[in-house]
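First up is the structure itself, then whatever we jot down about it.
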Amino acid sequence: MNTVESQVQAPENLALVLNSGSSSIKFQLVDPKKHATDEPFASGLVEQIGEKQGTVTLKFGGEKYTTSAPIPDHSAGLDMAFALMGEHGCGLEDVHISAVGHRVVHGGVLFSQPVIITDEVLGMVRDLIPLAPLHNPANIDGIEVARNLLSDVPHVAVFDTGFFSTVPPAAAVYAINAEVAAEHGVRRYGFHGTSHEYVSQHIPELLGKPADEVNQITLHLGNGASASAIRGGMAVDTSMGMTPLAGLVMGTRSGDVDPGIIFHLHRSAGMSIDEIDQLLNRSSGVKGISGVNDFRELDQLIEQGDQDAWLAYNIYIHQLRRYIGSYMVALGRVDAITFTAGVGENAPNVRADALANLEQLGIKIDPERNSLPNNGAREISTDDSKIKVFVVPTNEELAIARYAMKLAAEA
Ligand code: ADP
């Protein structure tokens, strides 16, 4: 053990937070009592599970460590992650894990709140696989592997859809044949719920108003992007739908398109359903128009005079403004609009353009406040802006860790 590592004191009660994808596992060891801007105690990523060569990366004590080897499945991946953590002083022998929090993408209409994972709960998450065929199986793999490895610790599932269980039928039900919709679980579920909830909870304090009196719009703009309208702490609308493909233009996802396009591409262009799925999810959005999905690269291209990049940016902003406008009408009175996630926290141009020329509606961005670097929760509107505009960094892992610890303590 080197000096840096030996100086790191393991807190008494850590939560392990796992976000399992089809070929990756993101993990964090989090002290739920820490401040939102503090680095997690340790964090890392298992990548390329099932491929020829996989990698495990660990960040701990200010250092970064990597190992590479074939990782046949999630079980091997988590074993390797714990082995790497053990080598560097933050393994299962060194830290006390009191709860494990799992991000689960789809809770359907079965789960509106985080729950302690039992065999029955796991069975229900399995029943929801048809609604999230790519995500829920990976989440289940992660849960099963972690429950085996840490069998005497409570495991908690936190659902991406949970926060949107309050969206009323007028906003959640699609205007399609009711019998077909009911039979196949077709309705708006919404995603990124943990982030919208976490960020929105900061706003009443920033406004100095009771939480049940605050109407707000939250904009989670990362690689995926979504908007939500929240009245008195309860979500009343959100831009993602039955799947995360709907709503805003995203890094690689189209967001809302005319559903007739899908029939056209299938019938006239001869594309298979899987090809269209791939097209709309992976090679559309900002990337589909400009060739890049990262806003830092997009900005560079725009600076170089690239017309496609400029168009992609304008389509992105136009769609964002559509949603902001519709949620202002849905809420009637809006107290705050908040930006979060990679783009929302770091791209002042996106924030300024999303809310430009809305003085008549009571929104005024302060250019100086808006241009300050990302540095915790902050207001970016002028003092006389009727609707306050904030940037609040999201921290889904911390939110999951807190839920996991709370439910574990109650168990
Ligand atoms: P995810 O949705 O995958 O969790 P993030 O919320 O981390 O993603 O957002 C990632 C995106 O944030 C990147 O693809 C990039 O477009 C954008 N981003 C990150 N840092 C910056 C920055 N400094 N300036 C502009 N955009 C940024």
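Order of listing sets the numbers, starting from 1, for every ligand and every atom in it.
Residues Asp274 and Ser272 bring no donor and acceptor atom of their side chains to less than 3.5 Å of each other. Residues Glu345 and Thr340 bring a donor and an acceptor atom of their side chains to less than 3.5 Å of each other. A donor-acceptor contact closer than 3.5 angstrom links the side chains of Asp256 and Tyr323.
In this structure, atom 25 (C) of ligand 1 lies nearest to the protein heavy atom Arg296 CG, 3.8 Å. The protein heavy-atom contact nearest to atom 22 (C) of ligand 1 is Asn346 CB, 3.3 Å. Here the heavy atom of the protein found nearest to atom 3 (O) of ligand 1 is Asn223 CB, 3.6 Å. From the protein, the heavy atom lying nearest to atom 15 (C) of ligand 1 is Asp294 OD1, 3.4 Å.
The side-chain hydrogen bond (donor to acceptor under 3.5 Å, both in side chains) with Thr218 is formed by just one residue from the set Ser195, Ser228, Ser226; it is Ser228.
Contact annotation: Gly224 has at least one heavy atom less than 4.0 Å from an atom of ligand 1.
Closer than 4.0 Å to atom 9 (O) of ligand 1 lies at least one heavy atom of the protein.
For atom 18 (N) of ligand 1, the choice among Gly342, Pro373, Ala225 with the nearest heavy atom turns out to be Gly342.
Within the listing of ligand 1, atoms 12 (O), 16 (O), 17 (C) sit less than 4.0 angstrom from a heavy atom of Val343. Close approach of ligand 1 to Phe295 is summarised as follows: ligand atoms under 4.0 Å from at least one heavy atom of the residue are 15 (C), 16 (O), 26 (N). Those atoms of ligand 1 that come under 4.0 Å of a heavy atom in Ala341, given as number and element, are 6 (O). Within ligand 1, counting atoms from 1 as listed, the ones closer than 4.0 Å to a heavy atom of Gly222 are 2 (O), 5 (P), 6 (O), 9 (O).
In this structure, Arg147 contributes its side chain and His155 its backbone to no donor-acceptor pair below 3.5 Å.
Relative orientation of the His88 and Tyr65 rings is parallel, given thresholds of 30° and 60° on the angle between their planes. In this pair, His196 and Phe164 present their aromatic rings perpendicular. The plane angle is above 60°, beyond the 30 to 60° band.
Between His135 and His106, a ring centre-to-centre spacing not shorter than 6.0 Å is recorded.
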